[in-house]
*Asks:* 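First the structure, then my questions, so here it is.
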Amino acid sequence: MYYIKKYVNCWAIHNDTTGNSRKLTAQEVEAVKKELPELEKPQVLTVYTDRIQAIKEKP
């Protein structure tokens, strides 16, 4: 499972299975907003999902 978390200074993707996480690029933030529109809401800080099509996994 993945989750996108909005922090004060960035957005990050977390892989719950591996424990890895990383900051999203500006392009990835825009892409993930289109795929998961609930992230546009200011009160939403974290979104959990099984798959994110907009982001390719980096090794």
*Asks:* Is the side chain of K6 donor-acceptor paired with the backbone N or O of L39 at a distance under 3.5 Å, no angle test?
*Replies:*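 Present.
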*Asks:* Are R22 and E28 close enough for a salt bridge, meaning some N to O gap below 4.0 Å?
*Replies:* yes
*Asks:* Strictly by ring pair (Phe, Tyr, Trp, His ring centres under 6.0 Å), give each pair with a member in residues 10-50 just once, sequence neighbours left out.
*Replies:* Y3-H14, Y3-Y48
*Asks:* Side chain to side chain contact (heavy atoms under 4.5 Å, CB included) with I4: which of L45, T49, L24?
*Replies:* L24
*Asks:* Below 4.5 Å, heavy atoms only, C-beta onward: do I52 and E35 meet side chain to side chain?
*Replies:*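 Sidechains of E35 and I52: in contact.
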*Asks:* Does V44 offer a backbone N or O that forms a donor-acceptor pair with the side chain of E38 under 3.5 Å?
*Replies:* no
*Asks:* Could you tell me which residues satisfy side-chain contact (heavy atoms from CB on, under 4.5 Å) with Q43, sequence neighbours excluded, listed by chain and number?
*Replies:* K41
*Asks:* List the residues meeting side-chain contact (heavy atoms from CB on, under 4.5 Å) with E30, not counting sequence neighbours, and say none if there are none.
*Replies:*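 Scan of E30 (side-chain contact (heavy atoms from CB on, under 4.5 Å), adjacent residues dropped) gives K33.
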